[in-house]
Amino acid sequence: MLNDTLVQLMGDRESMPWHERRSLVNRIGETLRRQGDDRDALALAHVLAEDPKWEVRQAVGDILPILPRDEFMALASELANDSNSFVRQAAERALERRREGTRWQSRTRSCIEQTQNDLLVFERMYGKIAAENARAIAERWFEILVASTVHEIKGILSPLAATVTRLHRSESRNSLDNGVVSEGLAKMKDRIAFLERLVMDMRDYSRSVPPGRRCALLCAIIAEAQSLVFENLQANGLDSSPVRLFVNVPKGIQVRVARHQVVAAVKNVLKNAYEAYFRENRGLVAGEVHVRADIVADNVRIIIQDNGPGMAAVDLREVQGFVPGRTSKKNRGTGFGLPIARRYIMAHRGKIDIESREMGGTKVTIILPLGLEDPNDDDESTDH
Ligand SMILES: Nc1ncnc2c1ncn2[C@@H]1O[C@H](COP(=O)(O)OP(=O)(O)O)[C@@H](O)[C@H]1O
Ligand SMILES: [Mg+2]
C-alpha cells in the first residue's frame, strides 16, 4: 500500500494534492509507531521531507521523534536548515526532545550505578545479610510509591476516559450539543491540569538537591515563597485576602542553602497553612498564618503555624511518615508537598517536624544550618 504510494510520488508528486500528502505523513507516523523500521514508510518520509509545500515538510518535522536514530539524524539536520521557519521550529523541537531523552538516559544510568555502588559499600561495611535486608526495605518503599502513584493516576484517568466515552456516545447519537461539548472539555481540561501537576510534583520529588550551597537572607527566601503561594492560590481562583499573614523573621538571619529547593520547601508548607482555611464552595475563609524564625545554636528555626482545623492524631501520624501521595484534598492535592519539603530540608542536614491537634491548628518547624558569610558572596560550587 505505502509502496504503491511511494512509486506514485516518485513518478509525479503533484498527482496527489498537497493536503493528501500531509495526511500521508500522519499515516507514515502511525505505521512507524507500530513498526519502527518499515522501509517504505521511511523512504516516503525522505521523499516528503523534500516536498515543495512547507506544510508537508512541517508534518514530517512533527513525526521526527518516532524515526529510528539514523533516519532521525539525517532528516532532522536537513529540516533544521529548511527555508521555512515553521519547519525549522518543528525540527528544533524534535532535536530538543531527543537531547532531553539522551540527558535523561545518562542521568538515570549514573543514578543506578551510584545506587549499586552505595549498596556495595554498605555490604562491605555491614555484611551481606544486612545489605540484602536494606535492599528489601528499599524495595518495599518503592512498592508503596509505585502503588500510590498508580492509584493516583488511575483516579485521574478513569473520569477522563468516562468523559471521552460520554462525548463519543452523544456524537454517535447525534445529540452532541454545545453545552455537552463545553462541559466535557472543561472536565477534561481540569483533569489534565491535575495530571500535569501530579507529574511535576513527582519530578520534583525524584530530583536530588544539587550540592552547591550559598548564603541567602532568610527573609528574602520567605518573601519569595510567600509570593509563589499567592500566585498559586490566584491561579486556582482563590482569594488569599481573608487569611492574614504575620511574618516575624529577623532581617539579618542568613542560611546556607540550595536556594531554589528551600524556597520550594517553605512554599509547600506555607501553602498548606493557607489551604487549611479552604472550604468547599466558599474558598478561603478568615484565619491567621504566622511565620517566625529564630537562631538555635548553629541553626535557624522557622515556624509556620495556622489556626485551621488541624489533624486528628491518626491522620497526623500518617502525615509524619512523609509518604508521597497521601492527601485529604480530593481532586486538588497531590500529597507530594510535604514529602518534597522533607527531602529538600533533609538534604541540608536539616529537620522538619509537624505538630497538629484536631480543631487546634498545625505547626510546622523547619531547622536549617545557619549561614555566616556575606549573602552576596559567591560560593565556588554553584546551584544548578
Ligand atoms: N496546615 C495543615 N493543616 C491541616 N492539614 C494539613 C496541613 N498541612 C498538611 N496537612 C495534611 O497533610 C496532607 C499532605 O500534605 P501535602 O503533602 O502538602 O499534600 P497536599 O497538600 O497536596 O494534600 C494534606 O492533604 C493534609 O491532610
Ligand atoms: Mg500541600
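Y277 pairs by the ring-ring contact (aromatic ring centres under 6.0 Å, His included) definition with nothing, not counting sequence neighbours. With sequence neighbours excluded, the residues satisfying ring-ring contact (aromatic ring centres under 6.0 Å, His included) with F246 are H290. Scanning for side-chain contact (heavy atoms from CB on, under 4.5 Å) contacts around E183 gives K187, with sequence neighbours left out. Take L6 and apply the side-chain contact (heavy atoms from CB on, under 4.5 Å) test, not counting sequence neighbours, and it matches M10, D40, A43, L44, V47. Every residue meeting the side-chain contact (heavy atoms from CB on, under 4.5 Å) condition with P242, not counting sequence neighbours, appears here in chain and number order: D239. The ring-ring contact (aromatic ring centres under 6.0 Å, His included) check on Y344 picks up nothing, with sequence neighbours excluded. Not counting sequence neighbours, the partners of E55 by the side-chain contact (heavy atoms from CB on, under 4.5 Å) test are W18, R22, K53. Not counting sequence neighbours, the partners of E123 by the salt bridge (Lys or Arg N to Asp or Glu O under 4.0 Å) test are K128.
For the atom pair R21 CZ and T5 OG1, the distance stands at 13.0 Å (nearest 0.5 Å).
A donor-acceptor pair under 3.5 Å is absent between the side-chain atoms of R93 and the main chain of D62, judged by distance alone. For N81 (side chain) and S77 (main-chain N/O), a donor-acceptor pair under 3.5 Å exists by modelled atom type. Judged purely by atom type and a 3.5 angstrom limit, S356 uses its side chain to pair as donor or acceptor with the backbone of G361. The closest donor-acceptor contact from the side chain of H348 to the backbone of P369 lies at 3.5 Å or more, if one exists at all. Counting only distance, with no hydrogens or angles, the side chain of R343 and the backbone of Y205 share a donor-acceptor pair below 3.5 Å. Side-chain atoms of R57 come within 3.5 Å of backbone atoms of D51 as a donor-acceptor pair (strictly under, hydrogens ignored).
With L370 as the partner, the side chain to side chain contact (heavy atoms under 4.5 Å, CB included) test is satisfied by one option alone out of I295, V255, L218: I295. Of the residues K363, E355, R292, the one that meets the side-chain hydrogen bond (donor to acceptor under 3.5 Å, both in side chains) test with Q305 is R292. Among the candidates V266, I221, I345, the single residue satisfying the side chain to side chain contact (heavy atoms under 4.5 Å, CB included) test with L368 is I345.
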Inset, instruction - For L64 and R98, run side chain to side chain contact (heavy atoms under 4.5 Å, CB included): C-alpha distance rounded to whole Å, both residues' side-chain angles, the deciding distance at 0.1 Å, then the answer. - result: CA-CA 10 Å; L64 283 175; R98 178 77 49 139; over 6 Å; no
Inset, instruction - Could you walk me through whether I144 and W141 pass side chain to side chain contact (heavy atoms under 4.5 Å, CB included), step by step? - result: CA-CA 5 Å; I144 296 171; W141 197 245; 4.3 Å; yes
Legend entry - Working for side chain to side chain contact (heavy atoms under 4.5 Å, CB included), residues L238 and N232: CA-CA 9 Å; L238 292 175; N232 191 288; over 6 Å; no
Under 3.5 Å donor-acceptor pairs involving side-chain atoms of residues 158-166, not counting sequence neighbours:
| from | atom 1 | to | atom 2 | distance (Å) |
| --- | --- | --- | --- | --- |
| S158 | OG | K154 | O | 2.9 |
| T163 | OG1 | P159 | O | 2.8 |
| T165 | OG1 | A161 | O | 2.8 |

Mind listing the side-chain donor-acceptor pairs of residues 188-201 below 3.5 Å, one per line with the distance, residues two or more places apart or on another chain?
| from | atom 1 | to | atom 2 | distance (Å) |
| --- | --- | --- | --- | --- |
| R197 | NH2 | R332 | O | 2.8 |
| D201 | OD2 | T334 | OG1 | 2.5 |

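Think of M125 as one node in a network of Ile, Leu, Val, Met, Phe, Trp and Tyr side chains linked at under 4.5 Å; its network also takes in V121, F122, Y126. The hydrophobic cluster containing M359, built from Ile/Leu/Val/Met/Phe/Trp/Tyr side-chain heavy atoms closer than 4.5 Å, comprises no other residue.
The environment of K351 atom NZ is sparse: at most 12 non-hydrogen atoms of other residues, nucleotides or ligands sit within 6.0 angstrom. When the shell of 6.0 Å around NE2 of H168 is examined, it contains 12 or fewer heavy atoms from other residues, nucleotides or ligands. Surrounding CG of D177 are more than 12 heavy atoms belonging to other residues, nucleotides or ligands, all under 6.0 Å away. More than 12 heavy atoms of other shown residues, nucleotides or ligands fall within 6.0 angstrom of atom CD in E20. Enclosure of atom CZ in R203 by more than 12 non-hydrogen atoms of other residues, nucleotides or ligands within 6.0 angstrom is indicated. Heavy atoms from other residues, nucleotides or ligands lying under 6.0 Å from CZ of R103 number more than 12.
Between R107 and E100, at least one side-chain nitrogen of the basic residue sits less than 4.0 Å from a carboxylate oxygen of the acidic one, meeting the salt-bridge criterion. Under a 4.0 Å N-O distance rule, the pair E30/R34 does not qualify as a salt bridge. Here E92 does not pair with R88 in a salt bridge; the nearest charged N to carboxylate O distance is not below 4.0 Å. Between R99 and E96 there is a salt bridge, with a side-chain nitrogen of the basic residue lying less than 4.0 Å from a carboxylate oxygen of the acidic one.
A 4.5 Å side-chain heavy-atom check between D37 and R39 finds every atom pair outside the cut-off. Counting heavy atoms from C-beta outward, Q261 and P210 have side chains that approach closer than 4.5 Å. Using a 4.5 Å heavy-atom cutoff, the side chains of I354 and R342 are not in contact. For the pair V146 and T149, the minimum side-chain heavy-atom distance is 4.5 Å or more. By the 4.5 Å heavy-atom criterion applied to side chains, L9 and L24 are counted as neighbours. Contact of the I302 side chain with the V269 side chain is not registered, since no non-hydrogen atoms from C-beta on lie closer than 4.5 Å. F72 places a side-chain heavy atom less than 4.5 Å from the side chain of L95. Taking 4.5 Å as the limit, some side-chain heavy atom of R279 sits within range of a side-chain heavy atom of P309.
Residues I303 and L316 are members of separate hydrophobic clusters, defined by side-chain heavy-atom contacts under 4.5 angstrom among Ile, Leu, Val, Met, Phe, Trp and Tyr. Residue M202 is not grouped with residue V150 when hydrophobic side chains (ILVMFWY) are merged at heavy-atom distances under 4.5 angstrom, including chains of intermediate members. No path of Ile, Leu, Val, Met, Phe, Trp and Tyr side chains, each step under 4.5 Å between heavy atoms, connects I304 with M346, placing them in separate hydrophobic clusters. V364 and L228 fall within the same hydrophobic cluster, defined by Ile, Leu, Val, Met, Phe, Trp and Tyr side-chain heavy atoms under 4.5 Å apart, directly or through other members. Linking Ile, Leu, Val, Met, Phe, Trp and Tyr whenever their side-chain heavy atoms come within less than 4.5 Å puts F278 and L270 in one cluster.
Between A91 and A76, the closest heavy-atom pair is CB-O, 4.0 Å.
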